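Working notes, beginning with the structure itself.
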Amino acid sequence: MITKENILASAKKTIRSESESIAKLTDYLDENFSNATQSIYNSKGRLVVTGIGKSAIIAQKMVATFNSTGTPSLFLHASEAIHGDLGMVQNEDIIICISKSGNSPEIKVLVPLLKRFGNTLIAITGNMTSFLAKGSDFVLNTTIDAEACPNNLAPTNSTTVQLVMGDALAVCLMEMRDFKPEDFAIYHPGGALGKKLLLRVKDMLEHTLKPMVSPEAPVKKVIFEISEKRLGVTAVVEDNKVIGIITDGDIRRMLNDRDSFADLTAKDIMTKNPKLISSTAMVVDALNILEDFSITQLVVVDNGEYKGVLHLHDILKEGIV
């Protein structure tokens, strides 16, 4: 009988089974792992990751992780390799071959071909006596007791531990290369993380929209400037120095407090000492200032010279938050 309780029990059993398989990997790590990692680090070539079936999918994920963390990598499908794609492997490349059994027909054909070229071969396998293990320079043990699948057939625990072993390699290589968040961002310039680490205020300034009025400007002109530039604010500038700002909120409050504003000028209603930021500052730092002071605009100033206005909405459009 299928019940909610049975479903949850099955899910928990699967998660426990896979987590236990991952935990056992620490007992399998030895000099093969450290030597394999050192070989990849010292290599002048690329890292080629190959596999077949579900292991091929894991190989593709590993390649994505390696490439984004500073290890140039490419994916080679084991079955396609023996039908022409082996030509993508260069002399100095290091190869990782992933296979649970290490004895599939494609692997038995591929391994001798790879060794013929003299490339270093790293095996990730759950069978330490397999054809793949015996033919490799380094063997990373991903043995499991059983799959989480109730029939012990569908790759579950085996592919999970393969993936974790690949992550362990990638993280070790990152640490060896002193790979920093700024380096990661270079490989992800279009993502949210990349923008947080790379985007500067000057990259977001719209120089054609630079609202500004003089201290003596009548309020009517102030309203026109705010409306025309569509940033909800204008800087009050004297001798090219920002001495204050006026927001649309300031205008609304003025209208609520007075019946007439014909005699008022910008300096009468401006807010002095506005929050400033340099155009070279990171946008994420600008965002933190906006949040800390519960404001929506920052005046951008370089060496005292007014450069423009950065609006919270523009930051949100970039998807940084």
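The shown structure was predicted, so the numbers you read here are calculated from the model rather than taken from an experiment.
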State yes or no: do Ile94 and Tyr41 share one hydrophobic cluster built from I, L, V, M, F, W and Y residues joined by side-chain heavy-atom distances below 4.5 Å, directly or via other members?
yes
Would a distance-only check, ignoring hydrogens and angles, find a side-chain to backbone donor-acceptor pair under 3.5 Å from Ser227 to Phe224?
no
Among side-chain atoms of Lys61 and Thr65, is any donor-acceptor pair under 3.5 angstrom?
yes
Show your working on salt bridge (Lys or Arg N to Asp or Glu O under 4.0 Å) between Arg253 and Asp250 and close with a plain yes or no.
CA-CA 5 Å; Arg253 284 186 287 274; Asp250 293 326; 2.7 Å; yes
Just by distance, do the side chain of Asp239 and the backbone of Lys241 share a donor-acceptor pair under 3.5 Å?
no
State, with a plain yes or no, whether a side-chain heavy atom of Leu114 is found less than 4.5 Å away from one of Leu86.
yes
For side-chain contact (heavy atoms from CB on, under 4.5 Å), just list the numbers for Val161 and Lys100, CA-CA rounded to whole Å, side-chain angles, deciding distance to a tenth of an Å, and then say yes or no.
CA-CA 10 Å; Val161 295; Lys100 176 187 176 183; over 6 Å; no
Is there a chain of hydrophobic side chains (I, L, V, M, F, W, Y, each step under 4.5 Å between heavy atoms) that links Phe33 to Met128?
no
Less than 3.5 Å apart, any donor N or O on the side chain of Asn127 or Thr129 sitting next to an acceptor on the other?
yes
Taking the side chain as everything from C-beta on, heavy atoms only, tell me whether Tyr306 gets closer than 4.5 Å to Val299.
yes
Side chain proximity check, Thr296 to Thr247, heavy atoms < 4.5 angstrom
no
Count I, L, V, M, F, W, Y as connected when their side-chain heavy atoms are under 4.5 Å apart, and connections chain through other members. Are Ile124 and Val139 then in the same cluster?
no
Does any non-hydrogen side-chain atom of Ser21 lie less than 4.5 Å from one of Thr160?
no
Report yes if some heavy atom in the side chain of Asn119 is under 4.5 Å from a heavy atom in the side chain of Val48; otherwise report no.
no
Asp93 side chain to Gly45 backbone, donor-acceptor under 3.5 Å:
no
Side-chain heavy atoms of Leu47 within contact of Val63, under 4.5 Å
no
Starting from Ile245, can I reach Val309 by hopping between I/L/V/M/F/W/Y residues whose side chains sit under 4.5 Å apart?
yes
Starting from Ile243, can I reach Val213 by hopping between I/L/V/M/F/W/Y residues whose side chains sit under 4.5 Å apart?
yes
For Ser39 and Asn35, indicate whether the former's side chain and the latter's backbone hold a donor-acceptor pair under 3.5 Å.
yes
Under 3.5 Å side-chain donor-acceptor pair for Thr234 and Glu225:
no
Just by modelled atom types, is the Ile7 backbone N or O under 3.5 Å from a matching donor or acceptor in the Ser10 side chain?
no
Treating Gln162 as the side-chain partner and Ser55 as the backbone partner, does any N or O pair qualify as donor plus acceptor under 3.5 Å?
no
Any side-chain heavy-atom pair of Phe131 and Val111 under 4.5 Å
yes
Polar side-chain atom of Gln297 near backbone of Gly232 as donor-acceptor pair, under 3.5 Å
yes
Any donor-acceptor pair under 3.5 Å linking the side-chain atoms of Arg177 with those of Thr69?
no
Does the plane of the ring in His77 sit parallel, tilted or perpendicular to the ring in Phe75? Use 30° and 60° as the thresholds.
perpendicular
Donor + acceptor pair across side chains of Thr120, Asp137 (<3.5 Å)
no
Without hydrogens or angle criteria, can the side chains of Ser158 and Glu147 be said to hold a donor-acceptor pair below 3.5 Å?
yes
Any side-chain heavy-atom pair from Val236 and Lys267 closer than 4.5 angstrom?
no
Does a sphere of radius 6.0 Å around CG in Asn91 hold more than 12 heavy atoms from other residues, nucleotides or ligands, not counting ones at 6.0 Å or beyond?
no
Hey, does the side chain of Asn67 reach the backbone of Ser73 with a donor-acceptor pair shorter than 3.5 angstrom?
yes
Has Thr50 got a side-chain atom pairing as donor or acceptor with Cys97's backbone, closer than 3.5 angstrom?
no
